[in-house]
Student: 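Starting off with a structure, shown below.
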Amino acid sequence: MASKTAAGAPGAPAAPRSRGSVTGTRRTVAALFLLPALVLLGALVVYPIGYSVVRSFYDQSGDGFAGVDNYRALFTDDGIRTALKNNVIWVVFAPTVATALGLIFAVLTERVRWGTAFKLVVFMPMAISMLAAGIIFRLVYDQDPDKGVANAVWVGVHDTFAQSSAFPKAHPGRQSPLKAEGGGFVTKAAVSAGDPVALPLVGVAPDQMPDDAERAVGARPEPGKVTGTTWQDFTRGKGVGTLGAPDATELGYPGMRIEAVKDGRVVASTTAADDGTFTLPEEADGALLRLPASNFKEAYNGLDWLGPSLVTPAIIGSYIWMWAGFAMVLIAAGLASVPRELMEAARVDGANEWQVFRRVTVPLLAPVLAVVTVTLMINVLKVFDLVFIIAPGSSQDDANVLALELYRKGFSEDQPGIASAIAVFLLLLVIPVMWFNIRRLRREVRR
């Protein structure tokens with residue numbers, strides 16, 4: 001057999017040559033690609049954090065070393081302590097309620113045809129900025145029921161069970177036979193059967209009169225009974241109309257309650273007709289007629305949603321409105337990966353739907369629920385926009401949170417040292433939650 005061709009001999013195949021990279025080694029290429037991101041990360045994250053930590057140990061001017069005085073202020077300043085308390089409320093309730101609603105929406109809409117449309121509607125608030133959401137809910141929580149949706153609904157429900165008075169501003173006019181007593185009005189003299197009684201009042205704006213009010217008429221005498229009229233004794237125009245007697249354009253007070261009182265005891269009562277007339281039985285003869293205070297109580301105006309006591313729950317409600325859709329979408333994605341065989345097996349074993357949900361669905365979704373809850377906890381620790389926009393100036397101190405207090409100390413009160421200390425404190429609060437979330441995500445990846 002012919003001997004092997006010597007290396008380098010004419011006609012022998014050339015050995016492959018290693019090609020050097022134009023840009024150098026792989027590490028150099030990786031460094032070049034990472035350099036822009038590292039520069040941005042250092043300029044936008046690392047440097048601000050480092051500067052905030054250093055600045056938190058200096059006084060207001062930045063020239064004198066203050067030690068831990070700025071951190072001591074976190075627990076002695078009343079505004080910061082209120083903000084810290086409100087942050088605790090936010091962290092406890094906002095993520096919990098938003099996650100619970102997301103879970104309920106995801107489970108209930110799983111089997112309905114219009115589930116996708118419902119999820120789209122619930123998720124839509126996520127497309128709205130915090131600024132726009134704050135403006136929307138500032139209007140929703142307006143005190144005036146004619147403007148604020150929340151109070152319009154609340155007043156509507158209240159008035160369904162407890163009708164408000166139509167005459168809150170009514171009061172006796174000149175030469176009136178009535179005098180004030182106990183929030184209502186009572187006749188100055190006793191009345192007699194067979195003699196019609198006039199109970200004129202003024203003070204109700206024409207556009208505030210009840211819709212069922214009719215033209216007032218004088219009551220006719222009835223033997224053995226006390227009759228009378230109560231009406232709006234006012235006619236537009238100077239010198240027009242007769243004082244103390246119903247005129248052609250004057251309206252009665254429909255539904256006005258009239259009581260006959262003898263020796264401090266109510267012996268008879270009635271309500272006025274649409275034209276203001278009323279009739280009391282013979283027991284009212286010789287009694288004083290009283291218009292009780294219930295006729296004149298102020299109309300119910302709803303709740304002060306943005307007042308000191310309700311402002312924080314109200315703002316948390318607006319946050320949940322925005323972020324429940326986020327929780328629902330993530331939980332629905334986790335629910336889609338849950339093995340259906342386990343649920344069917346539980347049903348075959350006799351479990352009802354509530355037991356399947358509590359014993360099978362929720363445990364299988366526990367990793368997803370934990371990720372959603374922790375993500376929302378990180379988010380609420382930094383909440384600023386909603387509180388700043390929704391809370392009015394009169395109750396902003398009561399709705400204060402750490403992120404808002406950081407802004408106020410740094411810009412409104414010119415205390416950058418304390419503001420930096422708050423920023424560092426917020427970072428320390430967020431780090432354990434972020435570490436827990438990253439650890440859980442890595443654990444899920446290893447599975």
Student: Are the side chain of Arg138 and the backbone N or O of Ile389 linked by a donor-acceptor pair below 3.5 Å?
Tutor: yes

Student: Which heavy atom of Val387 sits nearest to which heavy atom of Gln396, and what is that distance?
Tutor: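 Nearest pair, atom of Val387 first, then Gln396: O-NE2, 4.2 Å.
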
Student: Identify every side-chain donor-acceptor pair in residues 304-323 under 3.5 Å, counting partners at least two apart or on other chains, and give the distances.
Tutor:
{"from": "Asp304", "atom 1": "OD1", "to": "Gly307", "atom 2": "N", "distance (Å)": "3.3"}
{"from": "Trp305", "atom 1": "NE1", "to": "Asn151", "atom 2": "OD1", "distance (Å)": "3.0"}
{"from": "Ser318", "atom 1": "OG", "to": "Ile315", "atom 2": "O", "distance (Å)": "2.5"}
{"from": "Tyr319", "atom 1": "OH", "to": "Asn379", "atom 2": "OD1", "distance (Å)": "2.8"}

Student: Considering only heavy atoms from C-beta outward, does the side chain of Asn301 approach that of Gln143 to under 4.5 Å?
Tutor: yes

Student: Pick from Leu84, Leu74, Asn70, Asp77: which one makes a side-chain contact (heavy atoms from CB on, under 4.5 Å) with Ile422?
Tutor: Leu74

Student: Who pairs with Phe436 by side chain to side chain contact (heavy atoms under 4.5 Å, CB included), at least two apart in sequence or on another chain?
Tutor: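 Counting only residues at least two positions away or on another chain, Phe436 forms a side chain to side chain contact (heavy atoms under 4.5 Å, CB included) with Val374, Arg440.
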
Student: So does Met434 have more than 12 non-hydrogen atoms from other groups sitting under 6.0 Å from CE?
Tutor: no

Student: Return yes if some donor-acceptor pair links the side-chain N/O of Asn86 with the main-chain N/O of Val401 below 3.5 Å, else return no.
Tutor: no

Student: Is there a side-chain contact between Leu429 and Leu402, using heavy atoms and a 4.5 Å cut-off?
Tutor: yes

Student: According to the interplanar angle, ranging from 0 to 90°, do the rings of Tyr407 and Phe411 count as parallel (below 30°), tilted (30 to 60°) or perpendicular (above 60°)?
Tutor: tilted

Student: Taking side chain to side chain contact (heavy atoms under 4.5 Å, CB included) as the test, write out the residues that go with Asp274, two or more places apart.
Tutor: Asp212, Glu214, Pro254

Student: Hey, what do you get for NZ (Lys409) to CG (Asp414), rounding to the nearest 0.5 Å?
Tutor: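 Interatomic distance, Lys409 NZ to Asp414 CG, rounded to 0.5 Å: 11.5 Å.
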
Student: Evaluate side-chain contact (heavy atoms from CB on, under 4.5 Å) for Leu381 paired with Val91, printing each intermediate quantity in order.
Tutor: CA-CA 7 Å; Leu381 282 172; Val91 169; 3.6 Å; yes

Student: Nearest 0.5 angstrom please: Met256 CE to Leu291 CG, how far?
Tutor: 5.5 Å

Student: Would a 4.5 Å heavy-atom cut-off, applied to side chains only, mark Ile418 and Ile80 as touching?
Tutor: yes

Student: Under 3.5 Å, which donor-acceptor pairs link side chains of residues 324-348 to any protein atom two or more places apart or in another chain?
Tutor:
{"from": "Ser337", "atom 1": "OG", "to": "Gly334", "atom 2": "O", "distance (Å)": "2.8"}
{"from": "Arg340", "atom 1": "NH1", "to": "Glu110", "atom 2": "OE2", "distance (Å)": "2.6"}
{"from": "Arg340", "atom 1": "NH2", "to": "Glu110", "atom 2": "OE2", "distance (Å)": "2.5"}
{"from": "Arg340", "atom 1": "NH2", "to": "Leu335", "atom 2": "O", "distance (Å)": "3.0"}
{"from": "Glu344", "atom 1": "OE2", "to": "Arg347", "atom 2": "NH1", "distance (Å)": "3.1"}
{"from": "Arg347", "atom 1": "NE", "to": "Glu353", "atom 2": "OE2", "distance (Å)": "2.8"}
{"from": "Arg347", "atom 1": "NH2", "to": "Glu353", "atom 2": "OE1", "distance (Å)": "3.3"}

Student: Whether the side chain of Asn400 engages the backbone of Thr82 through a donor-acceptor N/O pair (distance < 3.5 Å, no angle test) should be reported.
Tutor: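 No, because the side chain of Asn400 does not come within donor-acceptor range (under 3.5 Å) of the backbone of Thr82.
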
Student: Verify side-chain contact (heavy atoms from CB on, under 4.5 Å) between Leu280 and Thr270, making sure each step is shown before the conclusion.
Tutor: CA-CA 7 Å; Leu280 290 165; Thr270 187; 3.5 Å; yes

Student: Using modelled atom types only, decide if a donor and an acceptor are shared between the side chain of Glu250 and the backbone of Phe234 within a distance under 3.5 Å.
Tutor: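 Here the side-chain-to-backbone pair exists.
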
Student: For the OH atom on Tyr58, are there more than 12 heavy atoms of other groups (residues, nucleotides or ligands in this structure) within a distance under 6.0 Å?
Tutor: no

Student: When you look at Leu199 and Phe278, which way does the side-chain contact (heavy atoms from CB on, under 4.5 Å) test go after all the steps?
Tutor: CA-CA 11 Å; Leu199 301 178; Phe278 61 88; 3.8 Å; yes

Student: Kindly check if the number of other-residue, nucleotide or ligand heavy atoms within 6.0 Å of CZ (Phe65) is above 12?
Tutor: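 More than 12 heavy atoms, drawn from other residues, nucleotides or ligands, come within 6.0 Å of this atom.
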
Student: Is the side chain of Ser129 donor-acceptor paired with the backbone N or O of Ala132 at a distance under 3.5 Å, no angle test?
Tutor: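 Yes: the side chain of Ser129 pairs with the backbone of Ala132.
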
Student: Kindly indicate whether the side chain of Val53, heavy atoms from C-beta on, has any atom under 4.5 Å from the side chain of Val424.
Tutor: yes

Student: Which heavy atom in Gln355 sits nearest to a heavy atom in Ala351, and how many Å separate them?
Tutor: OE1-CA, 3.3 Å

Student: Mind checking the CG-CH2 spacing from Leu201 to Trp231? Nearest 0.5 Å is all I need.
Tutor: 9.0 Å

Student: Show me the donor-acceptor pairs within less than 3.5 Å that the side chains of residues 177-188 make with the rest of the protein, sequence neighbours left out.
Tutor:
{"from": "Thr187", "atom 1": "OG1", "to": "Ala189", "atom 2": "O", "distance (Å)": "3.1"}
{"from": "Thr187", "atom 1": "OG1", "to": "Leu289", "atom 2": "N", "distance (Å)": "3.0"}
{"from": "Lys188", "atom 1": "NZ", "to": "Ser176", "atom 2": "O", "distance (Å)": "3.1"}

Student: I need the minimum non-hydrogen distance between Ala43 and Pro48, along with the two atoms involved.
Tutor: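 Smallest interatomic distance, heavy atoms only, reads O-CD, 3.4 Å.
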
Student: Might you point out which heavy atoms bring Leu376 and Pro95 nearest each other, and give the distance in Å?
Tutor: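 That closest heavy-atom pairing would be CB-CB, 3.8 Å.
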
Student: For the pair Arg257 (side chain) and Asn295 (backbone), establish whether a donor and an acceptor sit closer than 3.5 Å, ignoring hydrogens and angles.
Tutor: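 It does not hold such a pair.
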
Student: What residues form a ring-ring contact (aromatic ring centres under 6.0 Å, His included) with Trp354, not counting sequence neighbours?
Tutor: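 For Trp354 the ring-ring contact (aromatic ring centres under 6.0 Å, His included) partners, ignoring immediate neighbours, are Phe357.
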
Student: Taking all atoms of both residues into account, what is the closest heavy-atom pair of Ala83 and Glu405, and its distance?
Tutor: CB-CB, 4.2 Å

Student: Taking the side chain from Thr373 and the backbone from Leu369, do they hold a donor-acceptor pair closer than 3.5 Å?
Tutor: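 At least one qualifying donor-acceptor pair exists.
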
Student: Is the backbone of Ala205 close enough, under 3.5 Å, to the side chain of Gln208 for a donor and an acceptor to pair up by distance?
Tutor: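 Checked: no pair found.
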
Student: Roughly how far, to the nearest 0.5 Å, is CD1 of Ile104 from OG1 of Thr109?
Tutor: 11.5 Å

Student: Shortest non-hydrogen contact from Pro145 to Ala152?
Tutor: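 Shortest heavy-atom contact: O-CB, 3.3 Å.
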
Student: When rounded to the nearest 0.5 angstrom, what is the spacing between CG in Leu426 and CD1 in Ile431?
Tutor: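 The distance works out to 11.0 Å.
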
Student: Are the side chains of Val204 and Tyr253 in contact, using a 4.5 Å heavy-atom criterion?
Tutor: yes

Student: Any chance you could measure Leu44, atom CG, to Ile49, atom CD1, to the nearest 0.5 Å?
Tutor: 11.0 Å

Student: Go through the steps for Asp233 and Gln175 under the test side-chain contact (heavy atoms from CB on, under 4.5 Å), then give the verdict.
Tutor: CA-CA 11 Å; Asp233 190 19; Gln175 303 176 13; over 6 Å; no

